[in-house]
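Take a look at the structure below.
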Amino acid sequence: MEDYGLEFRKELERAISQIPEGMVARLTDVADVLGDRRAVRAIAQMLPSTDGPFWRVVREDMSILNDRISKEIEVTGGKAKAPIFNDFMVSGTGILKKLSKEREDMRSAIDLNDYEFETIVGVDMAYSGNRAIVALSCFEISGFHRWDEIFETSTDFPYIPTYLSYREGPPILKAISESSREIEALMVDGNGILHPEHLGLASYIGIKAGIPSIGVAKNLLCGELRWPDTKKGEIVLNGKVVGYALRGGKAKNPVYVSPGNMISLEKAREITESFMAHRIPEPTRRAHEVAKKGLMRK
DNA sequence: GCGACAG
DNA sequence: ATCTTGTCGC
């Protein structure tokens, strides 16, 4: 499978290794080298296990991330007193720019027409360190539960807002291809076309697997929310309705539904609504439980 | 300066 | 996503 996790790490190490002794580099500048400022948190988290002088990376306000830098330069009040290095030599535009373009090219493959299916499979993941569990829970459209399956994998790509496809996409696609069951359609934990580039995890998986998919997220990633009535809200992005906010059961907070692939906005909403006895629709809800339990045993 | 940022 | 105690409500 695409090993973007390793590529991400290698690119980070290549950048860090260029920071000379006596200087520091800003986290945001390092993130820019990799292609997207949104990766700052992921990078900050990865730094301690990165080959090279990772301690020379500082925050925007010059506050240090690692004590080891105080042995090389002056640190006052937790802030580094050293010139900022930002003359990175880079071969390309950064891995995240490349991945962003990959999604942009995939966008034309999204099909928002309706296709028939009698069952839908909820997908979710649970993590424990490097260990990752993918759970699939199949339901009939009528609401009847058919089966559950779990797969053990791993993920190296970090969580970066808007790049979830590269963290959870490969493990999920692997599980789908390894499954011996018939998988007609998917309900994914994450967004479909409700995404800055109109291509979230649900669309990514739906396209790669070639089946209908619906995205259901617990938090709003982007877009503007409009509530014509109290039960259903429209999510507008770039002047278009790309999804709905739905409230299920006695829940105060809504979930955000958007079509992934091979389904219309309205059918994605209708199917999701039919599974909303609780806040989280049943397929995804059950997959979440199954994944969590799968992590426990063994 | 403040808000926003799927899992 | 994960780390985590008690607490409020049905």
Side-chain angles (χ1 to χ4, degrees), chain A residues 4-5 8 27-28 31-32 34-46 59-61 96 99-100 103 122-135 150 152-173 175 186-206 213-225 235 237 242-246 248-261 268 272 277-281 283-285 287-296:
Chain A
Y4 290 130
F8 187 91
L27 207 42
T28 48
D32 282 342
L34 297 207
D36 197 321
R37 191 162 293 200
R38 280 178 284 217
V40 280
R41 285 185 184 81
I43 291 171
Q45 202 177 355
M46 286 175 74
R59 296 191 186 89
E60 203 63 0
D61 64 356
L96 298 178
L99 297 182
S100 190
R103 288 195 300 264
V123 191
D124 195 29
M125 290 186 70
Y127 302 91
S128 176
N130 293 325
R131 228 156 71 87
I133 301 288
V134 176
I150 64 170
E152 178 148 1
T153 51
S154 63
T155 307
D156 296 318
F157 198 88
Y159 169 70
I160 301 170
T162 74
Y163 295 85
L164 182 61
S165 293
Y166 301 97
R167 176 171 173 77
E168 299 200 342
I172 291 172
L173 287 166
L186 298 167
M187 182 176 281
V188 181
D189 224 310
N191 293 310
I193 63 173
L194 171 45
H195 182 278
E197 292 155 357
H198 295 267
L199 207 152
L201 176 64
S203 298
Y204 185 88
I205 293 171
S213 63
I214 299 172
V216 180
K218 296 180 285 298
N219 294 95
L220 192 58
L221 173 64
C222 59
E224 189 191 326
L225 203 50
I235 301 154
L237 185 64
V242 294
Y244 287 108
L246 305 175
K250 295 152 290 185
K252 180 194 174 196
N253 297 321
V255 290
Y256 306 92
V257 186
S258 59
N261 186 44
T272 305
H278 304 276
R279 183 191 174 218
I280 308 297
T284 300
R285 187 173 191 263
H288 184 75
E289 286 174 359
V290 171
K292 224 163 143 181
K293 282 177 185 169
L295 207 56
M296 298 285 286

- Query: Going by distance alone, is a donor N or O of one side chain under 3.5 Å from an acceptor N or O of the other, for A:S100 and A:E197?
  - Reply: yes
- Query: If you look at every heavy atom in A:L295 and A:R131, which pair is closest and at what distance?
  - Reply: O-NH2, 2.7 Å
- Message: Could you walk me through whether A:Y166 and A:Y204 satisfy the ring pair (Phe, Tyr, Trp, His ring centres under 6.0 Å) test, starting with their C-alpha distance in whole Å, then the side-chain angles of each, then the deciding distance to 0.1 Å, before giving a yes or no?
- Response: CA-CA 9 Å; A:Y166 301 97; A:Y204 185 88; 5.5 Å; yes
- Message: Using whole Å, what does the distance between atom P of nucleotide C:dC3 and atom CE of A:M296 come to?
- Response: 10 Å
- Task: Would you mind reading off the distance between A:I280 atom CD1 and B:dG7 atom P, rounded to a whole angstrom?
- Result: 8 Å
- Within the structure shown, what part of the strands sits under 4.0 Å from A:L194 by heavy-atom distance: base, sugar-phosphate, or nothing? nothing
- Look at the side chain of A:H288 and decide which nucleotide, out of C:dA1, B:dC5, C:dT2, has an atom nearest to it. C:dA1
- Message: Nearest whole Å is fine: how far is B:dA6 P from A:R279 CZ?
- Response: 13 Å
- Between A:Y256 and B:dA6, does any side-chain N or O lie under 4.0 Å from OP1 or OP2? no
- Item | Whole angstrom value for the distance that separates P of B:dA6 from OH of A:Y204 | 19 Å
- Query: Expressed in angstrom and rounded to an integer, what is the separation of A:Y127 atom OH from C:dA1 atom P?
  - Reply: 9 Å
- Message: Does B:dA6 have its OP1 or OP2 closer than 4.0 Å to a side-chain nitrogen or oxygen of A:K218?
- Response: no
- Task: May I have the step-by-step check of ring pair (Phe, Tyr, Trp, His ring centres under 6.0 Å) for A:Y256 and A:Y244, ending in yes or no?
- Result: CA-CA 6 Å; A:Y256 306 92; A:Y244 287 108; over 10 Å; no
- Query: Are OP1 or OP2 of C:dA1 and a side-chain N or O of A:K292 less than 4.0 angstrom apart?
  - Reply: no
- Among C:dT2, B:dC5, B:dA6, the one nearest any side-chain atom of A:N191 is B:dA6
- Would you mind reading off the distance between A:I235 atom CD1 and B:dA6 atom P, rounded to a whole angstrom? 14 Å
- Message: Between A:D61 and A:R59, does any side-chain N to carboxylate O distance fall below 4.0 Å?
- Response: no
- Item | Interatomic distance, A:L221 CG vs B:dG7 P [rounded to whole Å] | 9 Å
- Task: To the nearest Å, give me how far apart CG (A:N219) and C1' (B:dC5) are.
- Result: 10 Å
- Base, sugar-phosphate alone, or nothing: which one does A:T162 contact when heavy atoms must sit under 4.0 Å apart? base
